[in-house]
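Take a look at the structure below.
Only heavy atoms go into these numbers, but all of them, side chains included; no hydrogens, no water, no symmetry mates. The sequence lines fix the lettering, A, B, ..., with proteins before strands; numbering per chain opens at 1. Since we're looking at a predicted model, the values are computed, not measured.
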Amino acid sequence: MDHLEQLESQSIYIIREAYKKFKKLAMLWSVGKDSTVLLWLVKKAFFGKVPFPVIHIDTGFKFKEMYEFRDWCVKKWDLNLIVASKQKEADEKGIGPEAKLECCTLRKTEALKECIAEHKFEALLLGIRRDEHGVRAKERVFSPRNVDFQWNYKDQPPELWDQFKTQKEHEQHLRVHPLLQWTETDVWNYVKREKLPINPLYFAKNNKRYRSLGCVPCTNPIESKADDVDKIITEVMENKTSERSGRAQDKEEANAMQKLRSLGYM
Amino acid sequence: MTETMKFVIVGHIDHGKSTLIGRLFYDTNSLPEGKIEELKTVCEALGKELEFGFLMDHLEEERDQGITIDTAQTFFRTKNREYNIIDAPGHVEFIKNMITGASQAEAAILIVDAEEGVQEQTRRHAYILNMLGLSQVIVVINKMDKIEYKKERFEKVKKELLEFLLKINIQPSYIIPISAKNGDFVAKKSNTLPWYQGPTVLDALDSFKIKESEKNKELRFPVQDVYKWDKRIIAGKIVSGTIKKKDKIVVLPSEEETIVESIEEFGKENIEFAEAGKSTGITTKDKLFIDRGAVIIRKNEEKPLITNKVEAHLFWMDKNPYKKGERLLFKCATQEVMCEIETIKKVVDSSTLQTIKENAEEIKNREVGDIIIKTEKPVVVEDFNKTQELGRFVLQRKDTCAGGIITRIK
């Protein structure tokens with residue numbers, strides 16, 4: 001088996017493990033490339049089915065193309081979509097992208113908290129990867145969060161071989177990360193191999209493309225001529241800037257990502 | 001597609017693990033743009049010199065205190081292959097994080113400070129590498145710059161370490177004098193060590209082999225789950241061997257027999273086989289009672305053992321000790337069975353290798369036990385050297401509290 005097949009099989013193993021262990025399971029789908037790959041792996045794990053809900057956290061600031069792509073996939077793959085949103089409350093309180101930490105916290109983290117509480121989810125599948133950000137490099141595959149979503153990164157459970165933390169304690173939910181081991185290059189090579197549909201924002205138009213997708217006010221495109229998957233693969237392999245360089249929430253200050261994550265951010 | 005090798009860097013705290021990783025990145029031109037500038041800013045804010053170690057230490061506390069708390073993984077590429085480096089913490093408090101990191105590696109670098117020599121965690125980490133079955137090991141004697149690159153000191157540390165490694169059966173493939181800080185013999189040779197003729201760390205790594213596929217061995221297919229949708233599909237990841245359509249198979253421990261009717265894969269038809277490492281699904285001719293934890297093998301091939309007693313080396317990594325009489329969950333591949341540690345033949349200090357007690361009643365944090373486990377239901381196990389996945393296990397309370405390697409099957 002080649003590198004991609006091994007990654008695929010390992011991810012499927014993790015997804016099946018989560019499904020076996022948690023009755024109330026869902027996956028987070030940002031409609032970006034990683035979580036769309038994750039969605040595809042879920043379909044592969046269950047022979048075409050997606051046997052649990054797919055959550056989209058809608059901040060109200062997403063790109064038009066993201067909503068279109070989302071709705072197209074929902075129809076094509078017959079997904080049970082849950083939209084989690086705190087848009088109304090945030091708008092009323094006047095919390096927007098001018099205050100980044102507050103905006104991310106309310107529109108994303110709080111929206112997710114509410115959704116988890118409402119549906120009583122025990123575990124969530126997420127498409128984060130270790131190579132995206134230093135703090136994510138320290139994640140476990142099965143990672144517990146307490147009721148306030150806090151990540152006790154200083155005292156994470158051991159994770160040996162394929163034995164994961166599959167026992168949920170009373171107050172927490174588990175974050176499950178099937179793509180942790182993948183790199184950005186792996187994701188694009190896999191998109192190519194599986195001929196996966198992918199959001200058009202990733203492809204260059206007028207010499208600009210989005211490398212990582214977030215909310216419109218806080219996401220900048222990069223200079224690029226890569227208008228197809230092959231060109232993106234070449235670009236990513238040669239590129240030396242970080243993938244999330246267009247994402248404002250990573251940059252505010254040193255350790256901003258850690259702060260966001262300790263508050264429950266994905 | 002290029003190949004990827006995962007290796008872990010272990011050793012005593014402050015012997016330079018994170019610095020070595022930073023140096024490897026810097027010298028292979030693998031640092032993202034702007035990273036050095038970002039590091040300089042962070043170091044200036046903390047009033048320190050530029051410190052490569054901070055590349056891997058991402059938590060606020062890690063940078064403030066200058067210690068690695070949790071294991072981190074990162075990637076870099078050489079012209080030969082891609083590497084996934086696992087940085088393991090060297091502080092005794094974070095040993096379970098070190099084990100988490102090391103358990104995922106195929107090769108290891110054991111780093112020793114030339115000035116300080118072999119220390120408590122040097123020995124303990126070496127012991128753990130051996131226990132986890134890691135045989136591709138590079139020893140680096142770091143901070144040669146601090147001892148003026150002197151051969152005599154290097155030889156002394158080397159001798160001391162080799163004496164210890166011999167006791168625990170580790171034969172390092174290379175022993176390399178380096179200065180991670182200055183870059184000597186990490187990615188580049190230098191004229192500071194004229195008496196050393198061996199490879200650099202990077203050359204040594206490139207000479208290591210990726211674990212070979214187990215596809216030609218006997219079939220071991222632990223059942224992960226059974227899906228009863230349109231068809232009844234038995235799902236799992238093949239640990240070794242290759243499963244083929246029409247294979248006569250035996251389900252353990254029940255020993256019921258049947259035939260593989262189909263190999264299932266989403267979006268594909270008429271799949272003929274699935275090999276080791278593949279997460280697959282099969283349907284069978286007869287509707288047997290098969291559940292998670294069963295192990296499927298091929299008929300007329302050598303069987304693993306079905307037993308309720310296993311003898312093992314156990315590394316305890318929970319603050320609360322194990323006291324005889326406590327029931328724990330035994331997890332081996334997809335099997336999960338309650339068990340008890342029936343006999344604690346010997347408890348050993350994982351760093352000094354001194355016997356703490358024979359015929360003990362408890363095992364404490366960071367101690368290694370020579371034990372016999374009794375499971376409440378029969379389990380399917382095998383010699384670790386034959387099938388790693390069926391020869392290693394964890395014990396679990398709410399979290400994993402111990403890892404073990406089966407040494408003998410009763």
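- Contacts of B:E264 with chain A are made by both backbone and side-chain atoms, with heavy-atom separations under 4.5 Å.
- Neither the backbone nor the side chain of B:D318 comes within contact range of chain A, judged by heavy atoms closer than 4.5 Å.
- At a 4.5 Å heavy-atom cutoff, the contact between B:K6 and chain A is made by side-chain atoms alone.
- With chain A as partner, the option from B:E275, B:K215, B:E389, B:K231 having the largest number of non-hydrogen pairs under 4.5 angstrom is B:E275.
- The two atoms that bring A:Q156 and B:N97 nearest to each other are O-OD1, 4.0 Å, heavy atoms only.
- Remark: A:K49 engages no residue in a salt bridge (charged side-chain N to carboxylate O under 4.0 Å, His left out) (not counting sequence neighbours).
- In this structure, B:D225 does not pair ionically with A:R16, as no charged nitrogen and carboxylate oxygen lie closer than 4.0 Å.
- Residue with the most contacts toward chain A among B:R292, B:Q104, B:E265: B:R292 (heavy-atom pairs, distance under 4.5 Å).
- Ranked by heavy-atom pairs under 4.5 Å with chain A, the first of B:E336, B:Q388, B:E82 is B:E336.
- Not a single side chain to side chain contact (heavy atoms under 4.5 Å, CB included) links A:K195 to another residue, sequence neighbours left out.
- Listed options B:G403, B:S213, B:A235 were ranked by heavy-atom pairs under 4.5 angstrom with chain A; first place goes to B:A235.
- At a threshold of 4.0 Å, the pair A:E17-B:K237 does not count as salt-bridged, since none of the basic side-chain nitrogens sits closer than that to a carboxylate oxygen.
- Residue B:G277 comes nearest to A:S9 through the heavy atom pair O-CB, 3.1 Å, listed as atom of the first residue, atom of the second, then distance.
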